Amino acid sequence: MRRQELIEHIKNYLENDCSQTAMMLTAGWGHGKSYFIKNDLLPALNAGDSNRGIIVSLYGCSSIKDLSKALYLEVRASCLSKKSEKLSAGKIIAKTIVKGVASFFNIDLSVSQEDLDDLYQSIDLTSKLVIIEDLDRSNLDIFEVFGYVNNLVEQDGVKVLLVANEEAIINRIDAYNNATNSSVNDGSEIKTTNKNALTKKYREQKEKTIGDTVLFESDKFTALSNILNSFDNVYLKRCLNEYPVEDKRGIIYSIIEIMDTVKCENLRAIMYACQKVKELVDKCKLELDLNFFKRVFLSITAFSLRLKMDSTLEWEYGFESPVKLGTVRFPLYRFCYDYVKFQSVLVSQIADYQNAFIVEEDKKQKQKRFADVFNEIYNFSTNEQTKLEEAIKEIYKLLADENSVPLEVYGRLANYLIAVKPIVDIPEIIDKCKEQMLANISMSEVDDALISNLTYHDGVQLWDADKIVEYNVYKQDLLQVATDRKNVRLISAVTPDDWESVIKDIDNHPDRYIGSGSVFGRLNIPSLLGYLKQTDANKLNNFRGCVMAIYRPINIKEFLRSDRENLIILRDGVNEIIDNKSAKDKVCLLQFEWLRKELGQIIDKLQ
């Protein structure tokens, strides 16, 4: 039943139902029942000058007297807010509430009817719907509540909507049954007493008290859209307006995808995530890139949903935490974790993360652009000359931009560029592309995998003898430059200043080093250990950050598997420093212990 249909169904119960029974609205926790009541049903019931909805929560009520008091106060507040409302002659006097309130306030009900007129008049429930929430979270006896509600609907003619997670109620009753069932031996057989007695009683009393039981089916797109829109945040509103609500590219679809991944649909967690990200934005006072904001918000959303299921979740050192606390698609940033858990944030840290995100996204966009323009060359036999020439010009621009064209496609790209050379009028641009590829490889880090990709690749069969020669000569040039580069040691560092410079450069340009196919595999590990043993805790922490920057990606094994041997040597050296307590001080020893754990995880990852 859609939201509007549900609203109309409840309004029809309020206005036309004569069954003298209550209605129950049920769904799991966090599915948006309360949100629907407050933001959809109440506005519909209280449209114009009417004031027909009264909400009472059983949460915190320890007795029926508490419930009566809560109802009384809510009704009184409703009446006070409508001072001009005239009392109708045929008003509904809820004597059930009067008795409960009188008992709570020690009022003697034996006094005359006139003495109770004021009390009666203050709880006129004519044309009103009493909405009782949190039945499943209450400490009240469920059967006492059913009896109380039955008196309201049957004796007083009041319309009542009970809102609950009925599955939780039944599970609680079943658990109590299992805990209290006992076996007796009458001499001939074993019998079980009280077997499901409470469950049977629950169903019997519910049948007497409740008419319709409506399963609340949350319209996720509408509910999530309303939640995000309720927060006064320009970025959330921009996310909502970027695409239609149900568009797969939109923010709502991403939230639903996260809910499915985490297996939690708690809308309160979404509201919590909105609040946290709003606070973060207000505190950092930075102009945020919208895609970066979405990454932050969605990672916090995933973490908030996970916290609803396990409030003890903590960040652990190593690779797993960003994905374990967020998702593969939206890993949790450390600054997001720190803010959600400890309400602490460094604005400079957010700025650094955003800058790194923008660089990475720019690289992805350029590589996607290359894939698109290369497709024009790939289909040259059915393409137009002008389109081919535009594609070649764009490829040259991308080759001149660092990291825009992956090195491993250079062999195939050269094959196709040489193939189309006779059918375009810009052969000089193709020659520039060839020169740029050689220059790029000469400045990059090369491993056996890249040389293999340059040697063996698919391509087009060249039909012109001159072009076959040109390609074979150029392929040898590519391989020669790559081989020469591979034989150059990646890093040569001796002094502490050398190592600090190296660590800083790796930390600032992790993608460049990852693309080389080997990082720690080309380091002088004994020299590195000598530097680490002498340095302070802050620099050790920076070194650990450098290691994480290189080996964090989930698929890093595809790029740096050859580093494993040197990393084992490094870990053995760290073990020796810890065992001999040869670090600078105890803080440094702690850093080494963390480093040892992280190296172990990396080595396992590269297995």
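For clarity, every value in this text was computed on a predicted model and none was experimentally measured.
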* Please determine which of K237, R249, K294 meets the side-chain hydrogen bond (donor to acceptor under 3.5 Å, both in side chains) test together with E242. => K294
* Asked: Any chance the side chains of Q385 and D425 put a donor and an acceptor closer than 3.5 Å?
  -> yes
* Determine whether more than 12 heavy atoms belonging to other residues, nucleotides or ligands lie under 6.0 Å from atom NZ of K341. => yes
* Asked: Are side-chain N/O atoms of N472 and Q476 paired as donor and acceptor at under 3.5 Å?
  -> no
* Please determine if D431 and K421 form a salt bridge, counting it only when a charged side-chain N lies under 4.0 Å from a carboxylate O. => yes
* Quick one: does V347's side chain get under 4.5 Å of K283's, heavy atoms only? -> no
* Asked: Roughly how far apart are I577 CD1 and K533 NZ, rounded to 0.5 Å?
  -> 6.0 Å
* To do: Tell me, yes or no, whether the heavy-atom count around K467 atom NZ, taken from other residues, nucleotides or ligands under 6.0 Å, exceeds 12.
  => yes
* **Side-chain donor-acceptor contact under 3.5 Å, N453 with Y410** => no
* Structure fact -> dist K475:NZ -> I418:CD1 (nearest 0.5 Å) comes out at 11.0 Å
* Could you tell me if the ring centre of F292 sits under 6.0 Å from that of Y333? => yes
* For the residue pair F357 and E361, establish whether any side-chain heavy-atom pair is separated by less than 4.5 Å. => yes
* Check the pair L454, I441 against side-chain contact (heavy atoms from CB on, under 4.5 Å), reporting the backbone distance first and the verdict last. => CA-CA 11 Å; L454 295 176; I441 288 181; 4.0 Å; yes
* Given the rule in the side-chain contact (heavy atoms from CB on, under 4.5 Å) test, do I251 and F297 qualify, once you have shown the distances and angles that lead to the verdict? -> CA-CA 10 Å; I251 191 76; F297 169 61; 4.0 Å; yes
* Asked: Atom CG of N379 and atom CD of E376: how far apart are they, to the nearest 0.5 Å?
  -> 7.5 Å
* To do: To the nearest 0.5 angstrom, please state how far the CG atom of L567 sits from the CD atom of E598.
  => 12.0 Å
* May I ask you to check whether over 12 heavy atoms, not counting those of F342, lie within 6.0 Å of atom CZ? => yes
* Within 45° of the axis and under 6.0 Å from the centre of the six-membered ring of F231, does NZ or CZ of K278 qualify? -> no
* Asked: Does Y253 OH have over 12 foreign heavy atoms under 6.0 Å away?
  -> no
* Would F374 and Y416 satisfy ring-ring contact (aromatic ring centres under 6.0 Å, His included), going step by step from the backbone distance to the final call? -> CA-CA 9 Å; F374 181 69; Y416 275 89; 5.7 Å; yes
* To do: Would you confirm whether S304, through its side chain, and Y272, through its main-chain N or O, come within 3.5 Å as a donor-acceptor pair?
  => no
* D232 atom CG: more than 12 heavy-atom contacts under 6.0 Å -> no
* Check step by step if side-chain contact (heavy atoms from CB on, under 4.5 Å) holds for V460 and Y378. => CA-CA 9 Å; V460 63; Y378 183 77; over 6 Å; no
* To do: Could you tell me whether F520 and Y551 have their ring centroids closer than 6.0 angstrom?
  => yes
* Would you say S225's side chain and T222's backbone share a donor-acceptor pair under 3.5 angstrom? -> no
* Please determine if K432 and E435 form a salt bridge, counting it only when a charged side-chain N lies under 4.0 Å from a carboxylate O. => no
* To do: Using modelled atom types only, decide if a donor and an acceptor are shared between the side chain of N355 and the backbone of A351 within a distance under 3.5 Å.
  => yes
* **Over 12 foreign heavy atoms within 6.0 Å of CD, Q461** => no
* To do: Could you tell me whether K366 and D362 have a side-chain N and a carboxylate O separated by less than 4.0 Å?
  => yes
* Indicate whether the side chain of Q275 and that of E279 have a donor and an acceptor atom separated by less than 3.5 Å. => yes
* Asked: When rounded to the nearest 0.5 angstrom, what distance separates CD1 in I429 from CD in E389?
  -> 10.0 Å
* From E360 atom CD to N291 atom CG, the distance as rounded to the nearest 0.5 Å -> 13.0 Å
* Salt-bridge present (E314, K324; N to O < 4.0 Å) -> no
* Asked: Is the backbone N or O of S404 less than 3.5 Å from a side-chain atom of D401, with the two atoms forming a donor-acceptor pair by type?
  -> no
* Any chance you could lay out the side-chain contact (heavy atoms from CB on, under 4.5 Å) test for L228 and N233, step after step, and finish with the verdict? => CA-CA 9 Å; L228 267 63; N233 181 271; over 6 Å; no
* Asked: Where the side chain of R564 meets the backbone of I603, is there a donor-acceptor pair that is under 3.5 Å apart?
  -> yes
* Y471 side chain to A414 main-chain N or O, any donor-acceptor pair under 3.5 Å? -> no
* Asked: Between the side chains of W499 and S527, does any donor sit under 3.5 Å from an acceptor?
  -> yes
* **N541-R544 side chain donor-acceptor pair, cut-off 3.5 Å** => yes
* To do: Side-chain contact test, heavy atoms from C-beta onward, threshold under 4.5 Å: evaluate it for E265 versus K220 and give yes or no.
  => yes
* Side-chain contact test, heavy atoms from C-beta onward, threshold under 4.5 Å: evaluate it for F293 versus L236 and give yes or no. => yes
